[in-house]
Protein chains: 2
Amino acid sequence: MLILVNQVLLQIMTIKYLLDSNFKPTSYEKGDVIYEPGAQPRAVYFIKSGKVRMVTVNDDGKEFIQGIFKTNEYFGEPALLLNKPYLAYTIATQDSEIIAVKGDDFLKMLKDHPDFSMKLIQTLSHRLFYKSMMLEELANEHAEHRIRTLVAYLFKDVEHGQELKITRQQLADMSGLRVETVIRIIKKLSDQKELKLIRGKIIKI
Amino acid sequence: MLILVNQVLLQIMTIKYLLDSNFKPTSYEKGDVIYEPGAQPRAVYFIKSGKVRMVTVNDDGKEFIQGIFKTNEYFGEPALLLNKPYLAYTIATQDSEIIAVKGDDFLKMLKDHPDFSMKLIQTLSHRLFYKSMMLEELANEHAEHRIRTLVAYLFKDVEHGQELKITRQQLADMSGLRVETVIRIIKKLSDQKELKLIRGKIIKI
DNA sequence: ATTTAAGTATGATCTGGATCATAAATTAAA
DNA sequence: TTTAATTTATGATCCAGATCATACTTAAAT
């Protein structure tokens, strides 16, 4: 029923469109903060290259990873469109080039390009799916179930026999567990042949 | 910066538009299931009157309330637009009249009415905000903090001195806690004068 | 008005995963 | 290559909140 332009292609075209329209990327080094909770949103951020993590931090300094955004993806629209202060930090996890598109320009993009608008609706829907899944897990499921679900989700982008490029700490920060707990569970999943461990690396079977 | 039609007004106009366009509502009785997890989405559901809860249920039968939808709101778009099976049940919590708009018609609505499309983007953004907030709470915060945050959020639509129309069980099902825990915490918040209890009812101070 | 059901209340016990401590292995930096 | 920094690993203890049990209160149904 849904006949839509290939998603990745549309993403790449979007970055190209921005560059052609003379939007200039800013360079961020690994660890740089793009925005902080409480700040008033002024732009939507398109990643020309690199990777960022979006994290909320509680009073004890414990991080929760709300999302990870990679090359050709964008972030920061919800807060901008609702005109509400950010809830999360966004931090470059590696050196990155990012195009900040000011609010008015972003609205114009949405208005002038219905296909981009449709793509945004899909992107938001996808993020909602992920968050709904994780909410169910955090609310109702025990540690082992949480990690099994999360790893299955992350394995979607990984080939059989290939490594899942993520640390135990990151899995902990995505699942609301502690790193020791994640380590023990990953070991257990390995014992149960649900994944393979090679020199600590998590390998998809 | 954002100049948008009043949200509630646009919602009501949408229902009116559907009725004018000869979409017919279906009646559901309290407890009726509108859709179930696993089912393939075919429509988006607009609530002409009534109320529904969207819940995921784990293997032990424990419910988690993903969202509550009321008159003039709609639900079920993300799964439809991603063409993925539903994750949750949607159940009428009171007698309701609901207009099922088939996928193609919904896409046509989005295409023909950019303001509706823009409104959907805002609605999805708002739901993402709520889910991000709850994820942070479930991942990082203890019971008392969770309930305090949730009650503060729900109090937004309640006048001072008025009752929060929600049961302890529903708060439990939204926060991933057990009903006994919620009862104890609500009592504690009452002792701390953060809310008032009158014959068991939670009153906003 | 009476019965029934749903929701609230409260104590006692139990347990999954946090916390603490310590060390080994791997990767990055000097 | 050596040192330093991350990440993985593992045991011991602890505690917040689940679980279990039981009763009371309020609202709904007959």
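Per chain, numbering begins at 1; letters A, B, ... match sequence-line order.
- To the nearest 0.5 angstrom, A:Ile65 atom CD1 is 6.5 Å from A:Ile166 atom CD1.
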Can you pull every protein N or O that's under 3.5 Å from an N or O on nucleotides 14-17 of chain C?
residue	atom	partner	partner atom	Å
C:dG17	OP1	A:Ala143	N	2.6

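- A heavy atom lying under 4.0 Å from DNA chain C marks none of the residues of residues 50-65 of chain A.
- Aromatic ring centres of A:Tyr45 and A:Tyr35: separated by under 6.0 Å.
- None of A:Thr56, A:Val57, A:Val55 except one satisfies the side-chain contact (heavy atoms from CB on, under 4.5 Å) rule with A:Phe64; the exception is A:Thr56.
- The interatomic distance linking B:Glu163 (CD) with C:dT8 (P) rounds to 10 Å, in whole Å.
- If you take NZ of B:Lys30 and P of C:dA5, they are 14 Å apart, rounded to a whole angstrom.
- Rounded to whole angstrom, the span from the CD atom of A:Gln94 across to the C1' atom of C:dA28 amounts to 16 Å.
- No side-chain N or O of B:Tyr28 forms a donor-acceptor pair with one of B:Ser96 less than 3.5 Å apart.
- Between the CG atom of B:Asn72 and the NZ atom of B:Lys48 there is a distance of 10.5 Å, given to the nearest 0.5 Å.
- With rounding to whole Å, B:Asn140 atom CG is found 13 Å from D:dG17 atom P.
- Residues passing the side-chain contact (heavy atoms from CB on, under 4.5 Å) test with A:His126 are A:Tyr153, B:Leu82, B:Lys84, sequence neighbours excluded.
- Distance, A:Ile202 CD1 to C:dT26 P: 15 Å, rounded to whole Å.
- Residues passing the side chain to side chain donor-acceptor pair (under 3.5 Å) test with A:Asn140 are A:Glu136, B:Lys62, sequence neighbours excluded.
- The side-chain heavy atoms of A:Pro25 and A:Leu19, taken from C-beta on, include a pair separated by under 4.5 Å.
- Every residue meeting the salt bridge (Lys or Arg N to Asp or Glu O under 4.0 Å) condition with A:Arg53, not counting sequence neighbours, appears here in chain and number order: A:Glu63.
- Note on ring orientation: taking the six-membered ring where Trp is involved, the planes of A:Phe106 and A:Phe116 are perpendicular (angle over 60°, cut-offs 30° and 60°).
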Stepwise side-chain contact (heavy atoms from CB on, under 4.5 Å) check, B:Glu144 with B:His142: CA-CA 6 Å; B:Glu144 187 174 333; B:His142 285 193; 5.8 Å; no
Footprint string (nucleotides 5-11 of chain D, 5' to 3'): B base within contact, S backbone only, - free, heavy atoms under 4.0 Å: ---BBBB
